[in-house]
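In what follows, chains carry the letters A, B, and so on, assigned in the order in which the sequence lines appear, proteins first and then strands, with residues in each chain numbered from 1.
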Number of protein chains: 2
Amino acid sequence: MAIDISLSNKQTEKQELPLAIPQATLRRLPQYHHYLVQLQARGGKQISCTTIGHDLNFVAVQVRKDLQYTGLPGKPKTGYVVAELVQAIENFLGWNKVNEAFLVGAGNLGTAILGHEKFSQYGLHIVAAFDSDATKVGTRIHGRDVLPLEKLPNLARRMSIRLGIITAPTDAAQSVANLMAEAGIQAIWNFAPVRLKVPAEIFVHNEDLYASLASLSCKLAERLGAPVRNL
Amino acid sequence: MAIDISLSNKQTEKQELPLAIPQATLRRLPQYHHYLVQLQARGGKQISCTTIGHDLNFVAVQVRKDLQYTGLPGKPKTGYVVAELVQAIENFLGWNKVNEAFLVGAGNLGTAILGHEKFSQYGLHIVAAFDSDATKVGTRIHGRDVLPLEKLPNLARRMSIRLGIITAPTDAAQSVANLMAEAGIQAIWNFAPVRLKVPAEIFVHNEDLYASLASLSCKLAERLGAPVRNL
DNA sequence: TAGATTGTTAATCGATTAACAATC
DNA sequence: TAGATTGTTAATCGATTAACAATC
């Protein structure tokens with residue numbers, strides 16, 4: 001019987017138990033991707049974890065573990081085929097599928113994100129912006145219409161939008177999130193420094209600039225305190 | 001001799017070994033801070049880890065461990081004095097000291113960050129912007145001059161600038177970092193999706209939007225694949 | 001005193017790293 | 001075959017959580 005089970009596991013494939021990926025690996029995959037794309041541009045065909053690790057300052061075995069999540073097997077002695085690996089990472093990250101998104105908050109940050117054309121290379125298409133400020137509504141920012149916030153739920157449903165980006169001011173963020181939840185949006189990229197309260201099925205990713213600032217100012221404060229060492 | 005050493009360690013205090021703070025704790029401290037400031041605004045005087053944990057969705061003991069890094073002791077039964085705790089966190093993070101910074105790359109993102117007035121409440125004062133684009137040089141963005149990139153090293157030295165913010169395009173980021181290193185800058189907040197090569201004494205914090213995007217698109221792809229469950 | 005809370009020490013968990021067998 | 005590399009299993013490390021004593 002034991003043989004039976006192990007066989008069926010091997011044969012049926014893609015069974016499931018995809019072995020949830022660690023956050024840390026997920027953060028590194030885009031780095032590998034970026035590295036590999038550049039390598040490819042320079043004509044690189046094959047690559048080993050040893051080399052990737054050396055260039056990116058990771059231990060080789062960590063690179064190997066990370067890449068295993070993409071499901072692409074490498075070849076002993078030669079390593080991975082660069083083109084395949086790029087594909088595998090993009091596939092794993094969902095970067096070869098289009099994600100249409102709505103952005104709320106057409107202020108400075110919202111404008112910056114709308115202007116970031118590279119995102120579309122990674123499947124992120126921001127199709128419209130929303131704002132509650134009447135003076136902004138009706139304008140166009142980097143080719144996208146700025147619509148009144150009230151229109152979001154209806155439009156999101158009709159267009160089956162699954163991703164929402166919040167670049168609204170802190171105080172408005174929660175109510176925007178509520179609107180998005182109501183609109184059936186499935187994931188939120190939140191740039192406001194608040195922990196949003198949303199239904200459990202909605203995935204929230206917080207882009208917390210204040211956490212970054214903390215890390216930087218803490219480091220600088222620590223250095224000021226310490227006596228200056230010989231440079 | 002052994003006794004001697006342990007005594008001196010205890011007595012002299014502030015000796016060192018400040019027990020390096022975990023990254024994760026550092027990310028949470030600003031959240032506590034934000035929560036406590038709001039609490040204070042509503043007139044809260046005392047607070048317990050139990051309550052903080054409940055409101056912020058952390059386990060109480062984790063909150064306690066995190067807060068211990070600030071060095072402020074709580075009182076059994078009553079918890080912490082809100083005002084003291086806010087102070088202690090700000091002090092620990094260096095948010096009550098002024099950090100003057102230079103920003104390089106006056107594009108969309110740079111403009112957004114220059115426009116983010118709240119940063120100054122956390123000690124971050126961006127005093128000038130730099131760009132290599134001659135059409136931008138000479139203009140003012142959110143009250144700050146845009147200067148030619150070549151002027152950065154000299155000015156940074158003269159003004160003892162310790163923090164640099166990179167919002168330049170990916171290709172330019174490394175050379176900007178080189179310039180900053182040359183200018184004696186001690187910490188870099190890097191918004192470009194590249195791993196910068198800098199001397200070991202420079203602290204780099206990467207704000208990696210593509211890592212965030214990976215996390216979001218991966219989650220969405222995973223949902224699309226799976227059959228829709230009962231909502 | 002009883003109860004809520006802090007602070008601390010031990011157990012658990014997950015991610016990183018090390019060791020090594022398998023493979024081309 | 002020898003050597004570089006992958007893939008896997010075990011050891012290590014660090015952070016989270018649990019258990020509990022100390023304190024007001």
Side-chain angles (χ1 to χ4, degrees), chain A residues 6 9-10 13 17-32 35-36 39 44-85 88-89 92 211 214-215 218, chain B residues 10 17-32 35-36 39 44-82 84-85 88-89 92 211 214-215 218:
Chain A
S6 79
N9 267 346
K10 277 219 173 151
E13 287 284 299
L17 303 200
L19 200 59
I21 188 170
Q23 257 324 97
T25 297
L26 205 44
R27 264 199 307 276
R28 285 186 296 263
L29 282 176
Q31 287 182 54
Y32 301 136
Y35 170 85
L36 293 166
L39 179 65
K45 299 287 180 227
Q46 302 268 327
I47 189 73
S48 76
C49 295
T50 323
T51 312
I52 298 180
H54 171 265
D55 291 345
L56 255 34
N57 250 263
F58 296 129
V59 207
V61 70
Q62 182 168 69
V63 178
R64 209 170 303 130
K65 271 248 159 107
D66 287 342
L67 295 182
Q68 268 165 12
Y69 283 94
T70 68
L72 180 78
K75 278 212 195 72
K77 177 107 167 123
T78 58
Y80 299 82
V81 177
V82 179
E84 285 177 10
L85 196 45
I89 294 176
F92 183 87
S215 155
C218 181
Chain B
K10 277 217 171 155
L17 304 201
L19 200 60
I21 188 169
Q23 259 319 100
T25 297
L26 206 44
R27 263 200 307 275
R28 286 187 296 263
L29 282 176
Q31 287 183 55
Y32 300 136
Y35 169 84
L36 293 166
L39 180 64
K45 298 290 181 226
Q46 302 268 328
I47 189 73
S48 74
C49 294
T50 325
T51 312
I52 298 179
H54 171 266
D55 291 346
L56 254 36
N57 249 263
F58 296 128
V59 207
V61 70
Q62 183 168 70
V63 178
R64 210 169 305 131
K65 271 247 159 109
D66 286 344
L67 295 183
Q68 269 164 12
Y69 283 94
T70 67
L72 180 78
K75 279 211 194 73
K77 177 102 169 137
T78 57
Y80 299 82
V81 177
V82 180
E84 285 176 8
L85 196 47
I89 294 175
F92 182 88
S215 155
C218 180

Using whole Å, report how far [atom1] of [X] lies from [atom2] of [N].
X	N	atom1	atom2	result
Leu26(A)	dG14(C)	CG	P	17 Å
Ile52(A)	dT5(D)	CD1	C1'	12 Å
Gln46(A)	dC24(C)	CD	P	14 Å
Glu84(A)	dT6(D)	CD	P	14 Å
Gln23(B)	dT16(D)	CD	C1'	16 Å
Lys77(B)	dC24(D)	NZ	P	13 Å
Arg27(B)	dA15(D)	CZ	C1'	11 Å
Tyr69(A)	dT16(C)	OH	C1'	11 Å

Discussion item. Counting C-beta onward and ignoring hydrogens, is there a side-chain heavy-atom pair between Leu39(B) and Asp55(B) closer than 4.5 Å?
Written reply: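 Contact flag for Leu39(B)/Asp55(B) side chains = no.
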
Worksheet item: Does the side chain of Tyr35(B) reach to within under 4.5 Å of the side chain of Ile47(B), using non-hydrogen atoms?
Response: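 A side-chain contact under 4.5 Å exists here.
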
Worksheet item: Just to confirm, is there a sub-4.0 Å distance from OP1 or OP2 of dT16(D) to any side-chain nitrogen or oxygen of Arg28(B)?
Response: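 Answer yes for this pair, as a side-chain N or O of Arg28(B) is under 4.0 Å from OP1 or OP2.
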
Worksheet item: Looking only at side-chain N and O atoms, does Tyr80(A) come under 4.0 Å of OP1 or OP2 in dG7(D)?
Response: yes

Discussion item. When both hydrogen-bonding distances must be under 3.5 Å and the geometry is Watson-Crick or G-U wobble, what is dA22(D) paired with, if anything?
Written reply: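 Because both required distances fall under 3.5 Å, dA22(D) counts as paired with dT5(C).
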
Worksheet entry | For Tyr32(B) against Val63(B), the heavy-atom pair lying closest together |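 Here Tyr32(B) and Val63(B) meet closest at OH-CA, 3.5 Å.
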
Discussion item. To check you understand the geometry: which heavy-atom pair defines the closest contact between Leu29(A) and Ile89(A), and what is its length?
Written reply: O-CG2, 4.0 Å

Discussion item. Need one value for Lys75(A): base, sugar-phosphate or nothing, where a base atom within 4.0 Å counts as base even if backbone is also close, heavy atoms only.
Written reply: sugar-phosphate

Fill in: From CA spacing to verdict: side-chain contact (heavy atoms from CB on, under 4.5 Å), Tyr80(A), Ile52(A)
CA-CA 11 Å; Tyr80(A) 299 82; Ile52(A) 298 180; 5.7 Å; no

Worksheet item: Quick one, which residues of residues 57-66 of chain A touch DNA chain D with a heavy atom under 4.0 Å?
Response: Val61(A), Arg64(A), Lys65(A)

Discussion item. Using 0.5 Å steps for rounding, measure from the CZ atom of Arg27(B) to the CD atom of Gln23(B).
Written reply: 6.5 Å

Worksheet, complete the sentence: dist Ser48(A):OG -> Lys75(A):NZ (nearest 0.5 Å) comes out at 14.5 Å

Worksheet item: So which nucleotide from dT6(D), dT16(C), dG3(D) ends up closest to the side chain of Ala24(A)?
Response: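 The nucleotide sitting nearest to the side chain is dT16(C).
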
